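All figures in this text were calculated on a predicted structure; none of them were measured in a lab. To find a chain, count down the sequence lines: A is the first, B the second, and so on, and within it residues start at 1.
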Amino acid sequence: MTHFFNVFGIWLGAAFTFAIFSFLYKDNPFYKVAEQIFVGLSAGYWFIYTIFNILIPNLFLPLSTDFAANWIKLIPAFLGVLMLMRLVPNAEWMSRYPIALLIGTTSGLAFLRYLKSDVINQITATMINPFVGNNWVTVVGQILLVVGTITGVIYFYFSKKHEGAFGVSAKIGIYFLMVSFGAAFGYTAMARVSLLIGRLQFLLGDWLGIISP
Amino acid sequence: MKHTVFILFLLTTALLFAQSPIFTIADIPNDDGSALVITWDCTGVQGEQFFVSLQDAENHTLDITAFNRESSSFPRGSLIYRDSLTAGKQYHFVLASADSALVRTPLISKTGTPRAQWFNTDKISLLIMALILAISIVYFIYSAKGGKNLYIRRINGLEAMEESVGRATEMGRPILFVPGINDLDDMQTIAGLTILGQLAFKIAEHDSKLLVPVSRSMVLSTAREIVKEAYLKAGRPDAYDPDCVFYLTDDQFGYVAGVDGIIVREKPAANFYLGAFYAESLILAETGFSSGAIQTAGTAMPSQIPFFVAACDYTLIGEELFAASAYLSKEPHQLGSLKGQDVGKAVFLIVLIVGIILEIFGVHDLKNFLTVH
């Protein structure tokens, strides 16, 4: 019976792979079926995941086993209940409080986190003597780092029109950004090709058995 | 008798010349009072093995570390002890030596009290930077509220928003807004939703149709509130359709499959991808491109911006996403906030340039001061 389900699963996987790939031609009923099943199944999966991996271990279990030590968890539970008030038309406004709390807390925490990681750490990492290095490649790399950082920040300065020397600096900054984007594009495109190879290995190996999986 | 006198003479001499150990217990600065640093120097001290122990009120000892003459921590060493220490409580530590039969002799005992500090002085540079930023933001918010005209340079992607909405209205097709796949604990999602408010306002004015598929429950609630408020603000509460913001799934690729389906079937005239995106960015942008929609994207995910640049008509790069809301709304508090951030950037840039010059001349003080441990 296990063997049957293994084979059935592989055939199902192959069928869905083809159904999804068929989108490359155009939208069609096979893609629609695969899409709807995928969306529905994943939504259901995440619903169950939330109950068993978040609500039960983080809320219900601690409260039922040791209420005195975990009563503080009632506060997020209460905020969660307020979110559900959206279902009651007259009490819909209550859901704004947990949303406001979440957005405010997120902004406050992110402010310091980004100030440290994106500003101070970036500044200190760029505070180097660019002319010191073991070879000329290192020196050129360090000069590019310094110039790229300064001009990159100038590009993201919104309070001044990009014209004159300031505009030239901003333009150099965007060139630096575009070169880095190009490199990132190529790198990720290669990673996507490896995903395609993975799918082909599944079809040719697990399904058809032409190649060893 | 002579032998006994000689041995006594030798022992007295040894005792006179034997050095006493150095043993210190110190509080660690800039912490929450949960650790002490213990240092020792057993140079010239007799003994085969040495023990550092914690002693309680009933003289029970708990060994913290042990070392012998071959150990790297002999004769000098230190350790940070943080096992369940309470701030403000006094602790007794003993340095003892042991002979070859492991009979211990206490050498010296010291007390130490871990103290919690209100301020971590290692992060003073962070405080200064935060203050510069906060003060400049508050100052410019009040300036803007006082009627001061604050200039913001043109951001191309946002100029096209009006055009996109107008085009969708003329074609009688909907406008798709994708707020990314992260939850509200991501600043990019919040920035995206703020722009959604401005976009929904324009859509309400043009009486066009909006589609907002989301992948997180909190984003669903927030997006609905924002769109509803935008329609109210535009004086079109009757045109608001709560079902225009809808949940698909939390799953990354399940969500992408769903949005792709919407793009090919509903054929929106304009697509907006503003928020946090991962591997789905190219799939969405490519499908949108093939459908012929005007596409505007914005994210601060460095690895995904290239795909948006390649497949979208307009791309908000990094911080442009966060500036977009102020640019569109022209509200004083948002404009002031953006202007304040620009002042912060200018200050940081000056600090950076000064720091580089100092580094070239071999002065590292500024860099050391700014480095947050």
Side-chain angles (χ1 to χ4, degrees), chain A residues 20 23 26-27 31-32 34-36 38-43 45-46 49-50 83 86 95-96 98-99 102-103 105-107 110-112 114-116 119-121 123-124 126-131 146 149-150 153-162 174 177-178 180-182 184-185 188 192, chain B residues 125-126 129-130 133 150-153 155 184-187 190 217-218 221-222 225 247-251 253-255 257-258 260-261 264-265 282 302-303 305-307 309-310 317-320 323 327 338-339 342-343 345-346 348-349 351-353 355-356 358-360 362 366-367 370-372:
Chain A
I20 294 290
F23 185 72
K26 68 173 189 178
D27 191 28
Y31 176 75
K32 278 179 192 166
E35 174 208 315
Q36 301 297 332
F38 192 12
V39 173
L41 269 180
S42 58
Y45 171 80
W46 281 103
Y49 180 89
T50 308
M83 280 302 294
R86 292 194 68 81
S95 68
R96 290 179 179 180
I99 292 172
L102 189 68
I103 292 178
T105 312
T106 300
S107 307
F111 176 71
L112 276 186
Y114 286 119
L115 191 64
K116 183 175 178 288
V119 179
I120 293 188
N121 287 358
I123 288 177
T124 51
T126 316
M127 273 186 192
I128 51 170
N129 181 354
F131 307 111
V146 169
T149 306
I150 292 171
V153 174
I154 288 172
Y155 174 77
F156 289 109
Y157 194 80
F158 298 102
S159 302
K160 191 167 163 46
K161 202 175 262 185
H162 284 177
I174 196 70
L177 288 170
M178 288 302 161
S180 70
F181 292 158
F185 189 96
T188 316
R192 297 295 166 83
Chain B
S125 57
L126 195 64
M129 293 292 194
L133 210 51
L150 301 177
Y151 171 80
I152 297 183
R153 74 164 166 84
I155 300 174
L184 279 184
D185 58 355
D186 192 308
M187 288 307 296
I190 296 172
S217 53
M218 288 293 282
S221 303
T222 313
E225 282 292 325
Y247 172 80
L248 283 178
T249 167
D250 274 62
D251 186 81
F253 290 106
Y255 177 71
D260 272 2
V264 292
R265 269 155 241 147
L282 186 58
S303 57
I305 296 172
F307 300 117
V309 171
I317 301 167
E319 212 188 322
E320 286 179 339
Y327 185 87
L338 185 62
K339 191 83 179 175
D342 273 358
V343 170
K345 269 180 251 173
F348 299 152
L349 209 54
V351 170
L352 174 62
I353 293 167
I356 292 168
L358 289 176
E359 286 295 318
I360 290 171
L366 184 59
K367 185 174 182 174
L370 287 172
T371 304
V372 178

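Minimum interatomic distance between A/T124 and B/K367 (heavy atoms only, all atoms of both residues): O-CE, 3.1 Å. Between A/S42 and B/D251, the shortest heavy-atom contact is CB-CB, 3.3 Å. When every heavy atom of B/K345 is checked against every heavy atom of A/F156, the shortest pair comes out as NZ-O, 2.5 Å. Across every non-hydrogen atom of A/L112 and B/A130, the tightest pair is CD2-CB, 4.5 Å.
Among the candidates B/E359, B/R265, B/K339, the residue making the largest number of heavy-atom pairs closer than 4.5 Å to chain A is B/R265. Chosen from B/L370, B/L366, B/I155, the residue pairing most often with chain A at heavy-atom distances under 4.5 Å is B/L370. Contact count against chain B (heavy-atom pairs under 4.5 Å) is highest for A/V119 among A/V119, A/N121, A/T50. Highest contact tally toward chain A, considering only B/S217, B/S303, B/A323, B/P302, is held by B/A323 [criterion: heavy-atom pairs under 4.5 Å]. Counting heavy-atom pairs under 4.5 Å between each of A/L102, A/L177, A/I154, A/L41 and chain B puts A/L102 at the top. Counting heavy-atom pairs closer than 4.5 Å to chain B, the top residue among A/M83, A/H162, A/Q36 is A/H162. Of the listed residues B/G261, B/S221, B/G258, the one with more heavy-atom pairs under 4.5 angstrom with chain A than any other is B/S221. In terms of heavy-atom pairs under 4.5 angstrom with chain A, the leader among B/D260, B/I152, B/I317, B/I353 is B/I317.
The closest side-chain heavy-atom distance from B/F348 to A/L115 is below 4.5 Å. Counting heavy atoms from C-beta outward, A/T106 and B/L184 have side chains that stay 4.5 Å or more apart. No side-chain heavy atom of A/Y157 sits under 4.5 Å from any side-chain heavy atom of B/L349. Contact of the B/I356 side chain with the A/I128 side chain is not registered, since no non-hydrogen atoms from C-beta on lie closer than 4.5 Å. Side-chain atoms of A/I123 and B/M129, non-hydrogen and from C-beta on, do get closer than 4.5 Å to each other. Residues B/V309 and A/M178 form a side-chain contact, since some pair of their non-hydrogen atoms from C-beta on lies under 4.5 Å apart. Counting only heavy atoms from C-beta outward, the side chains of A/R192 and B/F307 approach each other to under 4.5 Å.
Going from atom CG of B/L248 over to atom CD of A/E35 covers 8.5 Å, rounded to the nearest 0.5 Å. Here the straight-line distance linking atom OG of A/S159 with atom CZ of B/R153 works out to 9.5 Å at 0.5 Å rounding. Distance CE/A/M127 to OG1/B/T371: 8.5 Å, rounded to 0.5 Å. Taking NZ from A/K160 and OH from B/Y151, the interatomic distance works out to 9.0 Å, rounded to the nearest 0.5 Å.
Contact of A/Y155 with chain B is made through backbone and side chain together, with heavy-atom distances under 4.5 Å. Using a 4.5 Å cut-off between heavy atoms, A/K32 contacts chain B through both its backbone and its side chain. Heavy atoms closer than 4.5 Å to chain A are found in the side chain of B/I190, but not in its backbone. Contacts between A/V39 and chain B at a heavy-atom distance below 4.5 Å involve backbone atoms as well as side-chain atoms. Proximity to chain B (any heavy atom under 4.5 Å) is shown, for A/I20, by neither the backbone nor the side chain. Of the atoms belonging to A/I120, it is side-chain heavy atoms, and not backbone ones, that fall under 4.5 Å from chain B. Only the side chain of A/Y114 has a heavy atom closer than 4.5 Å to any heavy atom of chain B.
Judged by distance alone, with hydrogens and angles left aside, the side-chain atoms of B/D342 form a donor-acceptor pair with the main-chain N or O of A/F158 at under 3.5 Å.
With ring centers used as reference points, A/F38 lies 6.0 Å or more from B/F253.
The local environment of OH in A/Y45 is sparse, with at most 12 non-hydrogen atoms from other residues, nucleotides or ligands closer than 6.0 Å.
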